[in-house]
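Quick caveat: nothing in here was measured; it's all calculated off a predicted structure.
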Amino acid sequence: MVLMDLTCPAEFVAVEVLRDSSGRAQAYLSFRNLSEDTLTELHAMVTMLDADGVSLGLCPLRYRRLQAQPHAMFTLCMVMDELPFFQDARVSIQRVGLEEGEPWIWDEDALMDCTPKVLAQGPQRAALVAVAGADAICWPERRQDTWVCVCGRFNQRAWRVCRRCRRNREETFARYELNAVMAQFLRQRSEEAATEQQEREDSFWQERQKTSDRRQDFARRVGMVRVRRVALWMVVVALLLLAWGGWRTLRELPPPSNSLVQTMPTVSPGRMP
């Protein structure tokens, strides 16, 4: 059971307990400012829990120099030197100081059961998360004096916006009721399937184009090699023809005449002319 005063301007979100290099443990408690004002102080009582949810005792938490901005998350550190090591916590907020208003003070008579009807894991929960977002845990619900958002937060009936997630009330009931969610979910799945099919087809044609381009490039390279080989053979043939022509020309030259040989002077080795 989650007991809550809906008018509380702050909300406990989660706790994380960490140890530093020396082994010293500290607890970091995360809160959300639900108001339009800046929070200046927070007093709370922390119930420390072990891994099984068993209480290990109570510890007061007091911060007087806050500057928590409107609708923003903020974290408070709690030193655990004299505290048992705990892994979870429940936090009862008792006093919240506001920058421009009177401080909010815990009123036991204003507490009410704010336990949402969380959807079990299954097709409906998957559809709701796909359509509304990861924080959606239940169907929106109208009650006598409150309305429940898909995030699980209870809100006063007059509030037009959820104090936790800032979803609009009327839009929430219009978009996130069962039939609307399932219809939108089916449309999304259909669009995703069509997109995936288009991506597969695009990938197929792109790969086919790449294959065609590779073949054309290979054919071009083969053609260039062939052209080079033909050109080389043409050069070789031209050189052979030139050599053969030169040899034919040399063979067709007339031999030297005897008269030319006889008119040439004969020089003896021992006499100089």
- [ ] Please determine if Arg142 and Glu170 form a salt bridge, counting it only when a charged side-chain N lies under 4.0 Å from a carboxylate O.
- [x] yes
Open item on the list: Would you say Ser35 and Asp37 are linked by a side-chain donor-acceptor pair, where the criterion is simply a distance under 3.5 Å?
Closed with: no
TODO: Spell out, yes or no, whether Met4 and Val150 are grouped together once hydrophobic residues are joined by side-chain heavy atoms under 4.5 Å, including indirect joins.
DONE: no
Open item on the list: Count I, L, V, M, F, W, Y as connected when their side-chain heavy atoms are under 4.5 Å apart, and connections chain through other members. Are Val148 and Val129 then in the same cluster?
Closed with: no
- [ ] Give a yes or no on whether a salt bridge exists between Glu11 and Arg153, defined as a side-chain N under 4.0 angstrom from a carboxylate O.
- [x] yes
Task: Steps toward side chain to side chain contact (heavy atoms under 4.5 Å, CB included) verdict (His43, Arg64) - done: CA-CA 8 Å; His43 297 182; Arg64 292 189 175 88; 4.1 Å; yes
Task: Heavy-atom check, side chain of Leu98 versus side chain of Leu39, under 4.5 Å - done: yes
- [ ] Grab the two heavy atoms, one from Asp113 and one from Phe154, that are nearest each other, plus how far apart they are.
- [x] O-CE2, 4.1 Å
Task: Side chain to side chain, Leu76 and Leu66, heavy atoms closer than 4.5 Å - done: yes
Open item on the list: Is there a path of hydrophobic side-chain contacts, each under 4.5 Å between heavy atoms, that joins Leu56 and Val15?
Closed with: yes
Open item on the list: Could you go through Leu6 and Trp159, starting from their C-alpha distance and side-chain angles, then the distance that decides it, and tell me whether this counts as side chain to side chain contact (heavy atoms under 4.5 Å, CB included)?
Closed with: CA-CA 11 Å; Leu6 297 183; Trp159 295 345; 4.1 Å; yes
Open item on the list: Could you tell me if the side chain of Arg229 sits less than 4.5 Å from the side chain of Val225, heavy atoms only?
Closed with: yes
Task: Side chain Arg167, main chain Cys149, donor-acceptor under 3.5 Å - done: no
Task: Common cluster, Leu34/Phe31, ILVMFWY with side-chain heavy-atom separation under 4.5 Å - done: no
Open item on the list: Around atom CZ of Arg200, are there more than 12 heavy atoms from other residues, nucleotides or ligands closer than 6.0 Å?
Closed with: yes
- [ ] Kindly indicate whether the side chain of Thr38, heavy atoms from C-beta on, has any atom under 4.5 Å from the side chain of Pro70.
- [x] yes
Open item on the list: So for atom CZ, which belongs to Arg90, do other residues, nucleotides or ligands contribute more than 12 heavy atoms lying within a distance under 6.0 Å?
Closed with: no
- [ ] Show your working on side chain to side chain contact (heavy atoms under 4.5 Å, CB included) between Val17 and Gln87 and close with a plain yes or no.
- [x] CA-CA 6 Å; Val17 180; Gln87 294 182 320; 6.0 Å; no
TODO: To the nearest 0.5 Å, tell me how far Cys151 SG sits from Arg163 CZ.
DONE: 12.5 Å
- [ ] Taking all non-hydrogen atoms of both residues into account, name the closest pair between Cys77 and Gln26 and its distance.
- [x] SG-OE1, 3.0 Å
TODO: Answer whether the closest heavy-atom distance between the side chains of Glu99 and Gln67 falls below 4.5 Å.
DONE: yes
Open item on the list: What I want to find out is whether Arg220 reaches Asp217 closely enough, with some N-O distance under 4.0 Å, to be called a salt bridge.
Closed with: yes
- [ ] Give a yes or no on whether a salt bridge exists between Arg166 and Glu171, defined as a side-chain N under 4.0 angstrom from a carboxylate O.
- [x] no
Open item on the list: Can you tell me how far apart CG (Leu42) and CZ (Arg62) are? Round to the nearest 0.5 Å.
Closed with: 11.0 Å
- [ ] Treating Ile, Leu, Val, Met, Phe, Trp and Tyr as nodes and any side-chain heavy-atom pair under 4.5 angstrom as an edge, say whether Val161 and Tyr176 lie in one connected cluster.
- [x] no
TODO: For residues Asp213 and Gln209, determine if any side-chain heavy atom of one lies less than 4.5 Å from a side-chain heavy atom of the other.
DONE: yes
Task: Shortest non-hydrogen separation from Pro116 to Ile137 and the atoms involved - done: CG-CD1, 4.1 Å
Task: Validation row: Arg125, Val118 side chains within 4.5 angstrom (heavy atoms) - done: yes
Task: Asp52 backbone acceptor or donor facing Asp50 side chain under 3.5 Å - done: yes
Task: For Phe185 against Ala126, the heavy-atom pair lying closest together - done: CE1-O, 4.4 Å
Task: Atom of Val91, atom of Ala44 and distance for their closest heavy-atom approach - done: CG1-CB, 3.7 Å
Task: Gln94 side, atom CD; Asp5 side, atom CG - distance, nearest 0.5 Å - done: 12.5 Å
Open item on the list: Under a plain distance cut-off of 3.5 Å, with no hydrogens placed, do Arg214 and Thr211 share a side-chain donor-acceptor pair?
Closed with: yes
Task: Straight-line distance of Cys138 SG to Lys117 NZ, nearest 0.5 Å - done: 9.5 Å
- [ ] Find the distance between CG (Asp88) and CE (Met48) and round it off to the nearest 0.5 Å.
- [x] 12.5 Å
Task: CZ/Arg143: more than 12 non-hydrogen atoms of other groups inside 6.0 Å - done: yes
TODO: Go through Asn155 and Trp147 one step at a time and tell me if the side chain to side chain contact (heavy atoms under 4.5 Å, CB included) criterion holds.
DONE: CA-CA 5 Å; Asn155 298 276; Trp147 64 277; 3.5 Å; yes
Task: SG-CG distance between Cys8 and Leu111, expressed to the nearest 0.5 angstrom - done: 10.0 Å
TODO: Identify the two heavy atoms, one from Phe12 and one from Ser30, that lie closest to each other, and give their separation to 0.1 Å.
DONE: CD1-O, 3.6 Å
Task: Sidechain-backbone polar pair: Arg169 side chain, Arg157 backbone, donor-acceptor under 3.5 Å - done: yes
